[in-house]
K.L.:
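I have a structure I would like to understand better, so I am pasting it below and will then ask my questions one at a time.
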Amino acid sequence: MNAPAAPEPRGPEPRASEPRPEDRPARLTVGVVGAGRVGPALAASLRLAGHRPVAVSAVSDRSRRRAAELLPDVPVVEPARVLALSDLVLLTVPDDALPGLVEGLADTGAVRPGQLIVHTSGRYGVRVLDPARRAGALPLALHPAMTFTGTPVDVQRLAGCSFGVTAPEELRLAAEALVIEMGGEPEWIAEDARPLYHAALALGANHLVTLVAQSMELLRKAGVAAPDRMLGPLLGASLDNALRSGDAALTGPVARGDAGTVAAHVAELRKHAPGTVAGYLAMARTTADRALAHGLLKPELAEDLLGVLAADTATPADGAADGPQGDDR
């Protein structure tokens, strides 16, 4: 089956004499199944490129409000109705729900031949869309490598955002064009590499949020009135240095081998925030390993440092003998 003509990449912003994107004849009708944080933002971005969102499915009150804000005047309907109205369908549901959703839509005959079915899961490639493909659909996996807020700011943030793209060979041009129209940059990911790709993103982005939130909580306990203002320049510089230089950007007591300082850190964390100790120790060991492997940490200092970390591992957290309620686990 021939793929539909690939949409043209988004060009420069129109001049005053040119028609606005929303006034241009639409090329594809767009539907969204799952009005979480991602789907409405992508559909709103496609609207700016001249496509026409026509339907969205939403369950919770929050998702309905989100759809109303980002896709005003687009009706909220059942998923099968979304597919009936749309040339391009965005399946933007949690990863674990995606296989069942695809099977259900295919089994009920909701999928139409020639319809573009796009999911935004980082974990899956196009294989998860096989039930829809057997029904004649054209499958694409377009995962935006960005965190979403569920607000209009997400549409702006798509500019320059990388998308992890997996597509059949005959649909590569269509996939690339859709990503470019949303302001993104396509990065091709092999089907079998999708889980590793997604794990890498989660390791960096999701765990970064946890680390920053913990750091702000500890600074508040230390009496810092504006931890966000204190951390902003520091974390911004650290991120920039890490992206530019990788492991060569490692600094701090672990990379220097200051075993006494690390021991003092752990003692304070046990006293004031025992739930952070396990994460600190795990990151300290990983940092030490990487610093040692890259010649930043001297072997003789590494021995003392790893000895401190190993000794601390053998020491139970305060209250651990009384059961799980003794700490934050």
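Counting begins at 1 with the first residue of the sequence.
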K.L.:
With the 4.5 Å side-chain cut-off for hydrophobic clustering, are Val102 and Leu116 part of the same group?
P.N.:
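Looking at the clustering, Leu116 is in a separate group from Val102.
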K.L.:
For Asp192 and Pro195, which heavy atoms make the closest approach, and how far apart are they?
P.N.:
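Closest approach of Asp192 to Pro195: O-CD, 3.7 Å.
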K.L.:
How close do Val111 and Leu83 get, heavy atom to heavy atom, and via which atoms?
P.N.:
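Shortest heavy-atom contact: CG2-CD2, 3.9 Å.
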K.L.:
Any carboxylate oxygen within less than 4.0 angstrom of a Lys/Arg side-chain nitrogen, looking at Arg133 and Glu170?
P.N.:
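Looking at Arg133 and Glu170, the cut-off is met.
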K.L.:
Run the side-chain contact (heavy atoms from CB on, under 4.5 Å) test on His119 and Asp95 for me, step by step, so that the C-alpha distance in whole Å, both residues' side-chain angles and the decisive distance to 0.1 Å come before the verdict.
P.N.:
CA-CA 10 Å; His119 78 71; Asp95 290 357; over 6 Å; no
K.L.:
Knowing that exactly one of Leu171, Val179, Val126, Leu140 qualifies, which makes a side-chain contact (heavy atoms from CB on, under 4.5 Å) with Val165?
P.N.:
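The option that passes is Val179.
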K.L.:
Is any side-chain heavy atom of Val118 less than 4.5 Å from a side-chain heavy atom of Val89?
P.N.:
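Not touching, per the 4.5 Å side-chain cut-off.
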K.L.:
Using side-chain heavy atoms (C-beta onward) and a distance below 4.5 Å, is Arg64 in contact with Val76?
P.N.:
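Side chain of Arg64 against side chain of Val76, heavy atoms only: contact under 4.5 Å found.
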K.L.:
Compare every heavy atom of Leu297 with every heavy atom of Ala288, then report the nearest pair and how far apart it is.
P.N.:
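It is O-CD2, 3.8 Å.
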K.L.:
Just wondering, more than 12 heavy atoms not from Arg112 lying within 6.0 Å of its CZ?
P.N.:
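Yes.
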K.L.:
Under the 3.5 angstrom rule, does the side chain of His294 hit a backbone N or O of Asp289 as a donor-acceptor pair?
P.N.:
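No, the answer is negative, given that no donor and acceptor are paired below the 3.5 Å cut-off.
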K.L.:
So does Glu69 have more than 12 non-hydrogen atoms from other groups sitting under 6.0 Å from CD?
P.N.:
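Enclosed.
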K.L.:
Does a donor on one side chain and an acceptor on the other come within less than 3.5 Å for His143 and Tyr124?
P.N.:
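No, no side-chain donor-acceptor pair sits under 3.5 Å.
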K.L.:
Determine the minimum heavy-atom distance between Leu28 and His51, stating which atoms define it.
P.N.:
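Closest pair (atom of Leu28, atom of His51, distance): N-ND1, 3.3 Å.
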K.L.:
Please round to the nearest 0.5 Å and tell me the distance separating atom CG of Leu305 and atom CG of Asp258.
P.N.:
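Rounded to the nearest 0.5 Å, the CG-CG separation comes out at 8.5 Å.
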K.L.:
Any link between Leu218 and Met230 through a network of hydrophobic side chains (Ile, Leu, Val, Met, Phe, Trp, Tyr) touching at under 4.5 Å?
P.N.:
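No, separate clusters.
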K.L.:
How long is the straight-line distance from CG of Leu235 back to CG of Leu208, given to the nearest 0.5 Å?
P.N.:
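Between Leu208 CG and Leu235 CG, I get 7.5 Å after rounding to 0.5 Å.
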K.L.:
Pro53 pairs by side-chain contact (heavy atoms from CB on, under 4.5 Å) with which of Leu46, Leu42, Leu71?
P.N.:
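Exactly one option meets the side-chain contact (heavy atoms from CB on, under 4.5 Å) with Pro53, and it is Leu71.
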K.L.:
Quick one: do Val77 and Val56 end up in the same hydrophobic cluster if we chain Ile, Leu, Val, Met, Phe, Trp and Tyr together by side-chain heavy atoms under 4.5 Å apart?
P.N.:
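No, separate clusters.
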K.L.:
Going by heavy atoms in the side chains, are Pro274 and Leu269 under 4.5 Å from each other?
P.N.:
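No - every pair of side-chain heavy atoms lies 4.5 Å or more apart.
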K.L.:
Counting only N and O atoms by type, is there a donor-acceptor contact under 3.5 Å from the side chain of Ser57 to the main-chain atoms of Gly34?
P.N.:
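Such a contact is found between Ser57 side chain and Gly34 backbone.
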K.L.:
So Leu158 and Phe148, do their side chains get closer than 4.5 Å, heavy atoms only?
P.N.:
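In short, these two side chains touch, coming nearer than 4.5 Å.
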K.L.:
When you measure from the side chain of Arg194 to the backbone of Gly164, do you find a donor-acceptor pair of N or O atoms at a distance under 3.5 Å?
P.N.:
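Checking the backbone N and O of Gly164 against the side chain of Arg194, a donor-acceptor pair under 3.5 Å is found.
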K.L.:
Of the non-hydrogen atoms in Val33 and Leu101, which two are nearest, and what is the gap between them?
P.N.:
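The answer is CG1-CD2, 3.9 Å.
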K.L.:
Leu91 vs Leu129, test: side-chain contact (heavy atoms from CB on, under 4.5 Å). Steps then yes/no.
P.N.:
CA-CA 10 Å; Leu91 303 181; Leu129 297 175; 4.1 Å; yes
K.L.:
Measure from the side-chain N and O atoms of Thr166 to the backbone N and O of Ile189, and report whether any donor-acceptor pair falls under 3.5 Å.
P.N.:
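Looks like yes, one N/O pair under 3.5 Å.
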K.L.:
Checking Glu268 against Lys271 for the salt bridge (Lys or Arg N to Asp or Glu O under 4.0 Å) test, could you report, in this order, the C-alpha distance in whole Å, the side-chain angles of both residues, the deciding distance, and whether it holds?
P.N.:
CA-CA 5 Å; Glu268 286 299 298; Lys271 184 187 303 181; 3.6 Å; yes
K.L.:
Is the closest basic N to carboxylate O distance between Arg244 and Asp240 below 4.0 Å?
P.N.:
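Salt bridge: yes.
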K.L.:
For the residue pair Arg37 / Thr149, report whether a side-chain donor-acceptor contact shorter than 3.5 Å exists.
P.N.:
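Result is no, nothing qualifies.
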K.L.:
Counting C-beta onward and ignoring hydrogens, is there a side-chain heavy-atom pair between Arg256 and Leu301 closer than 4.5 Å?
P.N.:
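Sidechains of Leu301 and Arg256: no contact.
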K.L.:
Salt bridge (Lys or Arg N to Asp or Glu O under 4.0 Å) between Asp96 and Arg123: does it pass, once the steps are laid out?
P.N.:
CA-CA 9 Å; Asp96 288 351; Arg123 170 184 171 186; 3.0 Å; yes
K.L.:
Is the CD atom of Glu187 crowded by more than 12 outside heavy atoms at less than 6.0 Å?
P.N.:
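12 or below, so no.
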K.L.:
Start with the C-alpha gap between Val30 and Asp87, add the side-chain angles, then the distance that decides, and say whether side-chain contact (heavy atoms from CB on, under 4.5 Å) holds.
P.N.:
CA-CA 6 Å; Val30 179; Asp87 303 317; over 6 Å; no
K.L.:
Please confirm whether the backbone N or O of His272 pairs with a side-chain atom of Lys221, one donor and one acceptor, at under 3.5 Å?
P.N.:
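Indeed, once roles are kept as given, a pair shorter than 3.5 Å links the two residues.
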K.L.:
Should Leu88 and Thr29 count as side-chain neighbours, where that means a heavy-atom distance under 4.5 Å?
P.N.:
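No, too far: nothing below the 4.5 Å cut-off.
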K.L.:
Could you state whether Trp188 and Leu138 fall into the same hydrophobic cluster, counting links through intermediate Ile, Leu, Val, Met, Phe, Trp or Tyr residues with side-chain heavy atoms under 4.5 angstrom apart?
P.N.:
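Both belong to a single hydrophobic cluster.
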K.L.:
For residues Leu105 and Val128: do they belong to one hydrophobic cluster (side chain heavy atoms under 4.5 Å, members Ile, Leu, Val, Met, Phe, Trp, Tyr)?
P.N.:
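Result: yes, single cluster for both.
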K.L.:
Could you check if a side-chain atom of Val32 sits within less than 4.5 angstrom of a side-chain atom of Val82, using non-hydrogen atoms only?
P.N.:
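Contact flag for Val32/Val82 side chains = no.
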K.L.:
Tell me whether Glu78 at atom CD has more than 12 heavy atoms from other residues, nucleotides or ligands lying less than 6.0 Å away.
P.N.:
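No, not enclosed.
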K.L.:
I'd like to check Pro144 versus Phe163 (side-chain heavy atoms, cut-off strictly below 4.5 Å). Are they in contact?
P.N.:
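Contact flag for Pro144/Phe163 side chains = yes.
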K.L.:
Judged by atom type as modelled, is there a donor-acceptor pair below 3.5 Å linking the side chain of Ser63 to the main-chain atoms of Ser60?
P.N.:
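Confirmed, Ser63 side chain pairs with Ser60 backbone.
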K.L.:
Under 3.5 Å, side chain of Ser45 to main-chain N/O of Met182, donor-acceptor pair present?
P.N.:
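Flag set: sc Ser45 to bb Met182 pair under 3.5 Å.
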K.L.:
Indicate the atoms forming the closest heavy-atom contact of Leu98 with Ser121, along with that distance.
P.N.:
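Closest approach of Leu98 to Ser121, heavy atoms only: CD2-CB, 4.0 Å.
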